[in-house]
Amino acid sequence: MTNPQRRPLIAGNWKMNLCLKGSVALVRALADGLSKPFEGPEILVVPPFTALSVVSEALKGSPIQLGGQNLHWEEKGAFTGEISPEHLKDAGCTHVLIGHSERRQYFGETDATVNKRLKAALKAGLVPVVCIGETLAERESQKTYRVLETQTTGALQGLQAADLKTLVIAYEPVWAIGTGKNATPEQAQEVHLFIRKLLAHLSSETIAREVRIIYGGSVKPDNIELLAAQEDIDGALVGGASLSAESFIKIVNGVKKG
Ligand code: PEP
């Protein structure tokens with residue numbers, strides 16, 4: 001991360017793990033384990049919905065921010081099982097993940113619904129972390145860039161330049177999520193540069209320089225330094241390794257000062 005305009009972000013996606021007690025214990029351990037005063041990257045934890053309020057309470061006074069794992073695009077109404085932007089804000093969230101590959105794979109998420117969620121998040125003043133990434137089959141059939149272009153263009157349809165500045169893009173190759181196989185720093189950098197050029201094409205060079213593009217897929221304490229040192233990698237979205245305070249703090253500390 002060499003551009004001072006972009007403060008690195010380390011986000012921990014807890015997925016469908018941890019209940020209330022474990023969630024509070026984890027964030028307390030995280031807050032206690034950070035150096036003080038803390039001057040590193042922006043830090044975000046993304047617990048299950050049921051734990052958001054207690055985690056928000058436990059995070060008071062710490063630099064760690066809170067995000068939801070998804071949101072619905074409507075403000076309220078007859079949408080059983082869904083969660084609104086207002087629910088997330090009410091529970092203390094500042095950020096929200098949108099279009100995670102597990103939502104795309106198992107729950108019918110499409111580029112069109114990602115676009116609706118993204119607009120709703122921006123309207124509510126939440127920072128969207130929009131996930132894109134190719135499957136192994138797509139990579140092996142040389143479709144990586146085509147897939148990423150379709151996902152990015154679809155997600156950003158109809159957005160204004162000011163909106164683009166706020167959002168974070170998470171490049172998460174599906175073949176690297178939860179598999180222990182991470183993209184090499186060079187592979188990830190090449191894709192991040194492609195995404196940044198695409199953003200410049202869709203908007204402007206200035207905006208593209210400001211948007212944070214983080215990498216996700218088997219990020220661990222022993223690979224974060226090289227990944228985060230790449231020019232267009234502005235942090236990481238961490239799954240498995242965010243469930244241990246020790247490894248998440250090592251990842252946070254592996255990123256150069258924000
Ligand atoms: C993720 O869930 O976004 C992720 C990157 O998971 P993992 O770090 O476990 O591969």
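Every number for a ligand or one of its atoms is a count from 1 in the order of the listing. Fair warning: this is a prediction, and the values are worked out from it, not measured in the lab.
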Engineer: If the condition is side-chain contact (heavy atoms from CB on, under 4.5 Å), which residues does F49 pass it with, not counting sequence neighbours?
Structural biologist: L52, N70, I83, L88
Engineer: Short list, please: which atoms of ligand 1 are under 4.0 Å from a heavy atom of L237?
Structural biologist: 3 (O), 5 (C)
Engineer: Decide, yes or no, whether a salt bridge links K123 with E75 under the criterion of side-chain N to carboxylate O below 4.0 Å.
Structural biologist: yes
Engineer: In this structure, which one of R196, R209, R212 forms a salt bridge (Lys or Arg N to Asp or Glu O under 4.0 Å) with D234?
Structural biologist: R196
Engineer: Answer yes or no for A241: is there a heavy-atom contact with ligand 1 below 4.0 Å?
Structural biologist: no
Engineer: Can you label the angle between the H72 ring and the F79 ring as parallel, tilted or perpendicular, going by 30° and 60°?
Structural biologist: tilted
Engineer: So, E149 versus T153: side-chain donor-acceptor pair below 3.5 Å or not?
Structural biologist: no
Engineer: Whether E86 and K76 form a salt bridge (side-chain N of Lys/Arg under 4.0 Å from carboxylate O of Asp/Glu) is what I want to check.
Structural biologist: no
Engineer: Is the shortest distance from a Lys or Arg side-chain nitrogen in D111 or K116 to a carboxylate oxygen in the other one below 4.0 Å?
Structural biologist: no
Engineer: How far is atom 3 (O) of ligand 1 from its nearest protein heavy atom, and which residue and atom name does that atom have?
Structural biologist: E172 OE2, 2.6 Å
Engineer: Please indicate whether any nitrogen or oxygen in E102 is less than 3.5 Å from any nitrogen or oxygen in ligand 1.
Structural biologist: no
Engineer: Can you report which non-hydrogen protein atom sits closest to atom 1 (C) of ligand 1, along with the distance?
Structural biologist: H100 NE2, 3.3 Å
Engineer: Which residue supplies the protein heavy atom nearest to atom 8 (O) of ligand 1, what is that atom called, and how far is it?
Structural biologist: G239 N, 2.8 Å
Engineer: Quick one: does K220 get a heavy atom under 4.0 Å from ligand 1?
Structural biologist: no
Engineer: Return a yes/no value for T179: is any of its N or O atoms, backbone included, closer than 3.5 angstrom to an N or O of ligand 1?
Structural biologist: no
Engineer: Does the N or O separation between G178 and ligand 1 drop below 3.5 Å for any pair?
Structural biologist: yes
Engineer: Would E138 and R146 pass as an ion pair if we require N to O under 4.0 Å?
Structural biologist: no
Engineer: Of the backbone atoms (N, CA, C, O) and the side-chain heavy atoms from C-beta on, which set of N13 has a member under 4.0 Å from an atom of ligand 1: side chain, backbone, both, or neither?
Structural biologist: side chain
Engineer: Suppose I only count heavy atoms of G240 and a 4.0 Å limit; which atoms of ligand 1 are within that range?
Structural biologist: 7 (P), 8 (O), 9 (O)
Engineer: For G239, does its backbone N or O pair with a side-chain atom of K15 as donor and acceptor, under 3.5 Å?
Structural biologist: no
Engineer: Provide the number and element of each atom of ligand 1 under 4.0 Å from a heavy atom of G217.
Structural biologist: 5 (C), 10 (O)
Engineer: Under 4.0 Å from a heavy atom of S218: give me the atoms of ligand 1 that qualify, with their elements.
Structural biologist: 7 (P), 8 (O), 10 (O)
Engineer: Is the contact between A176 and ligand 1 made by the side chain, the backbone, both, or neither, using heavy atoms and a 4.0 Å cut-off?
Structural biologist: backbone
